[in-house]
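Below: the structure, in structure tokens.
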Amino acid sequence: MTRGQKIISEWYAKKGWQQFSFQKEMEIAFLDGYSGLLNAPTGSGKTFAMFLPFIAAYIDAHPDDYLIRKDNGLQLLWITPLRALTNDIRKAMQTVVEDLGLPWKVASRTGDTSAKEKQELKKKQPEVLLTTPESLHLMLAQKEYPKMFAGLQALVVDEWHELLGTKRGVQLELGLSRLKYLKRDTTLKVWGISATIGNLEEAAEVLLGNDIPAERICIIRAKLDKKIVIESVIPENIEEFSWAGHLGIKLLPQVMEIVSKSRTTLIFTNTRSQSEIWYMGILDKYPEYAGVMAMHHGSLDNDLRNWVEEALHNEMLRLVVCTSSLDLGVDFRPVDSVVQIGSPKGVARFMQRAGRSGHHPGATSKAWFVPTHSLELLEGAALKQAIADELFESRDPIVLAMDVLMQYLVTLAVSDGFYPAEVFREIKTSFAYADLEWKEFHQILDFITSGGKTLSQYDEFLKVEIADGLYKVNSRRVAMHHRLSMGTIVSDVNIRVRFLSGGSLGTIEEYFISKLKIGDTFWFAGRNLELLKFKDMTAFVRKSTGKKGIIPSWMGGRMPLSSQLSSKLRDKLDEVAVMMDHQSPEQHQDIEVRALKPLFELQSRLSHLPRKTEFLIEKFRSRDGFHLFFYPFEGRLVHEGMASLFAYRISKLKRVNFSLAMNDYGFELLTDEEILLEQALEMDLFSTENLLDDIQQSLNATEMARRKFRDIAHIAGLVFTGFPGKGMKSRHLQASTSLLFDVFSEYESDNVLVKQAYQEALQFQLEEFRLREALQRLQKLKIVITRSEQPTPFAFPILVDGLSREKLITETLEERVAKMTLKYQKS
DNA sequence: GACCTGCTGCGGAATG
């Protein structure tokens, strides 16, 4: 045992803590100079597992004088995706450092750090610095930044799974490639910490890049046998449970029973407005929870959210209704129960949420799944199976993001400047740009120095100047603008909600406030508010005594059901079909399947329950027209693409206008006249041949790319969004990025940013890869076509989606949906 | 650039 290791194990003993097995492994790997990835869940002591071996290595390198104050500069750089985490981790590390008597400083540097503190950091280096990917790049944009990292020994990326697969991750890869380049004569140890995902090996590969020798890399898996128990909340009367919907508020009583039996509960909802609705619902029906209940979502003010986290930590709250804003987060005390309302859409996400419950190590986590409509209940069974089979989603790394690269090059030019050949070699060591071609790199260089082919007339695009081969920004204005717009997160313009008496509650979208008149009341942040006036992008409000109010909705991403969960759902459905054939669903092991028996019987009677080897298509005629329902069970985005693709291919036979609707399970094509389905099937509707062409034809690919280009232009630094706090109209920004898109499209056919926009639309909007795989799967299936007189249980949720889209809501949609229960069907 | 239900995340000047 080395001296360092001895000191560390003594420290553990003194604390009375047990060491996890991976702690030992970590020590060995770290002391032997490996880089790698630690796979460990939150709350498993991973920070110590990483930090203590680092200390041990330091002690071993300085055996005689490690307790003496020296100016050896920054030793460890610790990067997290969340500002708030830097504070928590700093406290933990501070404890260690003080306990061991090390004369070290542990500091953090994020957007919260004051200008004065930043100055001090520059003057006197702390030994350990905690920061975010964005702040790292801001440091790289400072003059003489290499000095700062001269003594750096190791770099740790915490919660790497959160960054992998995002442009923030790519930006971090670039920062890493620079730090490795600065330390190229010695070895910089690079470590990632990641929760369990489907592609851990790839995650390590992406983080470490291709310049660390394979024999110096290892992956350590913390085997912590955390038991997770999942229970679906079964509607008491399934016959009266709605076939469609997304709120799940019908099950409020059952959920509150769970809450009442737990000391603390987290209720996860899928959308921000849904959490407002649940909060309001609870307050209305269970007023005794006022005061011990809170809400947490991304549009609430930070102060409010911090308070909630703090109160949860101190056990002052019994119940928090939240969105995934609490997914990652402050390492707060675990709660008794976790409740998930509606589909969690992915296995890993559900696991992470479930992991929030269960107190001490070794304790069982308990999570409840609450369906929001009948068929969704089957997802509960699929989830359990997926977790038992350890089927986790992968996070696919982003490669060749030209916008992020462009920002990075300007960053380097802002500080000390760069030589292209050198930087090209450097970034080629990263996973993201390993395949970058010199031609593309050159186009970007050309763009930042001369505005490329089309923008050379405009000074604002000529950012970087070349002198003796050195690319450098000399204009103070350009440098300032660049520092002001760093990062890869592009946000919409939001309206702040503020009390006239002062105090901000959070933000809502422009669109929502534009629907309101002065004097209207709306429900936000768990309060009923009256709109008083609207000024400078701020909505001033006061508390209202009224009970009713409109609830804001926000435009967010539409996360599709993951392919893992979809696949398990298809498996479950297959089991159901087999059981129904044998007339024995009551014997099925899953409580969800048993509960859904009447629904499946009806589906079977009206249409068909597809086996895994079958592809069900339903025909149905209503006063709205001819409906075709397809059920690939592949997630919403794939269905969106597939619906357009099928519509396009069918319309080649006969010109018809289609109206489309979809959900995570299937999609609908609606027409005024009968569709020639059989004929279309014969002409190979599911073919992957000419897929790209057909997609381009069927969807407005240009419009999709234009939307993607907006973010790309922001990240690449083509538009300046103004000084902080000074709002700029979103319409204005929209117009300028749109204009750039048009100009590039017309005059520069090979523009890398425009190409990227099309690529992103294909990859992320259409999930082209998944679509292709899905089509290939469908080709092998036996097609079953049924015709029914009324919408089937499978069809109904999609039909409802279509109804709201078509705005046929005369007798409120809600009423129509409410009527559609089994009970109604039977009568 | 649209709202059909749709998440999360970070940064940041100079002047008066």
Side-chain angles (χ1 to χ4, degrees), chain A residues 80-86 109-113 115 118 131-138 141 159 162-163 166-169 171-172 244-248 268-277 296-299 302 322-329 341-346 349 372 407 476-477 479-493 509-512 514-515 551-560 636-637 640 660-664 703-704 706-707 710 720-726 730-731 733-735 737-738 797 800-807 809 813:
Chain A
T80 78
L82 206 63
R83 245 186 343 227
L85 287 175
T86 60
R109 197 253 186 242
T110 67
D112 293 337
T113 311
K118 283 179 200 158
T131 190
T132 59
E134 287 78 7
S135 278
L136 170 63
H137 278 259
L138 281 161
E159 313 279 1
E162 286 289 335
L163 294 167
T166 70
K167 287 187 182 177
R168 296 185 77 198
Q171 188 160 46
L172 181 59
H246 65 277
L247 292 175
F268 280 101
T269 61
N270 282 341
T271 72
R272 285 164 277 187
S273 64
Q274 193 180 11
S275 64
E276 296 272 354
I277 290 167
H296 196 285
H297 65 67
S299 288
N302 258 332
C322 60
T323 63
S324 40
S325 56
L326 270 188
D327 258 354
L328 184 71
I341 313 285
S343 168
K345 309 279 182 187
R349 180 176 301 105
T372 57
Q407 187 185 108
R476 285 190 62 195
R477 198 179 128 270
M480 183 184 79
H481 278 201
H482 183 72
R483 288 201 190 94
L484 277 170
S485 45
M486 245 144 85
T488 58
I489 300 169
V490 181
S491 323
D492 273 333
V493 178
E509 290 183 359
E510 241 175 336
Y511 146 78
F512 176 75
S514 70
K515 286 194 304 192
I551 292 169
S553 67
W554 290 263
M555 277 289 279
R558 296 176 173 184
M559 220 170 338
R636 195 187 170 101
L637 293 184
E640 212 169 308
L660 315 176
M662 68 244 22
N663 66 10
D664 276 323
E703 220 27 65
M704 285 168 84
R706 184 190 297 276
R707 243 167 257 172
R710 167 187 170 267
F720 181 58
T721 41
F723 290 101
K726 306 264 188 298
S730 56
R731 214 175 305 126
L733 289 171
Q734 189 63 40
T737 58
S738 191
V800 169
D801 190 274
L803 287 178
S804 48
R805 168 207 59 207
E806 292 292 328
K807 313 231 186 313
I809 325 165
L813 187 60

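Reminder, nothing fancy here: chain letters follow the sequence lines and each chain counts from 1.
Taking the C1' atoms as reference points, B:dA2 lies 14 Å from B:dG6, given to the whole Å. Taking the P atom of each, B:dC7 and B:dC3 are spaced 15 Å apart, rounded to whole Å. Here the separation of B:dG11 from B:dT15, taken at their P atoms, is 25 Å to the nearest Å.
When the P atom of B:dC7 is taken as reference, atom CZ of A:Phe268 falls 15 Å away, rounded to whole Å. Atom CE in A:Met486 sits roughly 11 Å away from atom P in B:dG11 (whole-Å rounding). B:dG6 atom P lies 9 Å from atom CD1 of A:Ile277, rounded to whole Å. Rounded to whole angstrom, the span from the CG atom of A:Leu138 across to the C1' atom of B:dA13 amounts to 13 Å. Between the NZ atom of A:Lys345 and the C1' atom of B:dC7 there is a distance of 11 Å, rounded to whole Å. Summarising the geometry, the separation between CZ on A:Phe720 and P on B:dG12 is reported as 13 Å, rounded to the nearest angstrom. For A:Gln407 and B:dC10, the CD to P distance is 16 Å, given to the nearest whole Å. The OH atom of A:Tyr511 sits 9 Å away from the P atom of B:dT5 (whole-angstrom rounding).
Scanning all heavy atoms of the two residues, the minimum distance from A:Gly298 to A:Thr323 falls at N-OG1, 4.2 Å. Taking both residues in full, the closest heavy atoms of A:Asn663 and A:Pro797 are given as ND2-CB, 3.6 Å, listed atom of the first, atom of the second, then distance.
The base of B:dC7 lies outside donor-acceptor range of the side chain of A:Arg272, with no N or O pair under 3.5 Å. A donor N or O paired with an acceptor N or O is not found under 3.5 Å between the base of B:dC7 and the side-chain atoms of A:Thr323. For B:dC10, its base sits under 3.5 Å from the side chain of A:Ser491 at one donor and acceptor pair at least.
Rounded to the nearest 0.5 angstrom, A:Ile277 CD1 and A:His246 NE2 are separated by 6.0 Å. One distance of note links OG1 of A:Thr86 with CG of A:Asp112; it measures 7.5 Å at 0.5 Å rounding.
Counting only heavy atoms from C-beta on, A:Ser325 has its side chain closest to B:dT8 among B:dG12, B:dT8, B:dC7. Listed nucleotides B:dG9, B:dT5, B:dC10 differ in distance to A:Ser553; the shortest reach to its side chain belongs to B:dT5. Among the nucleotides B:dG11, B:dG12, B:dG6, the one closest to any side-chain atom of A:Ser273 is B:dG6. Distances were taken from every side-chain heavy atom of A:Arg168 (C-beta onward) to each of B:dA13, B:dG1, B:dC10; the shortest belongs to B:dC10. Taking only side-chain atoms of A:Met555, from C-beta outward, the nucleotide of B:dC7, B:dG11, B:dA2 with the closest atom is B:dA2. Looking at the side chain of A:Glu703, the nearest of the listed nucleotides B:dG6, B:dG11, B:dG1 is B:dG1. Of the candidate nucleotides B:dA13, B:dC7, B:dC10, B:dC7 has the atom nearest to the side chain of A:Met559. Proximity note for A:Ser324 (side chain, C-beta onward) versus B:dG1, B:dC10, B:dT8: the nearest is B:dT8. Closest to the A:Arg636 side chain, of the nucleotides B:dG1, B:dG11, B:dC4, is B:dC4. Checking B:dC4, B:dA14, B:dC7 against every side-chain atom of A:Arg476, the shortest atom distance belongs to B:dA14.
Counting non-hydrogen atoms under 4.0 angstrom, A:Thr110 reaches the backbone sugars and phosphates but no base. No contact: A:His137 has no heavy atom under 4.0 Å from any strand. Nucleic acid contact for A:Arg109: sugar-phosphate only, since backbone atoms but no base atoms lie under 4.0 Å from a heavy atom of the residue. The residue A:Arg558 sits close to a base: some heavy atom pair falls under 4.0 Å.
By the side chain to side chain donor-acceptor pair (under 3.5 Å) test, A:Gln407 pairs with A:Gln171, sequence neighbours left out. Shown here are the ring-ring contact (aromatic ring centres under 6.0 Å, His included) partners of A:Tyr511, two or more places apart in sequence or in another chain: there are none.
There is no side-chain donor-acceptor pair under 3.5 Å between A:Arg83 and A:Thr110.
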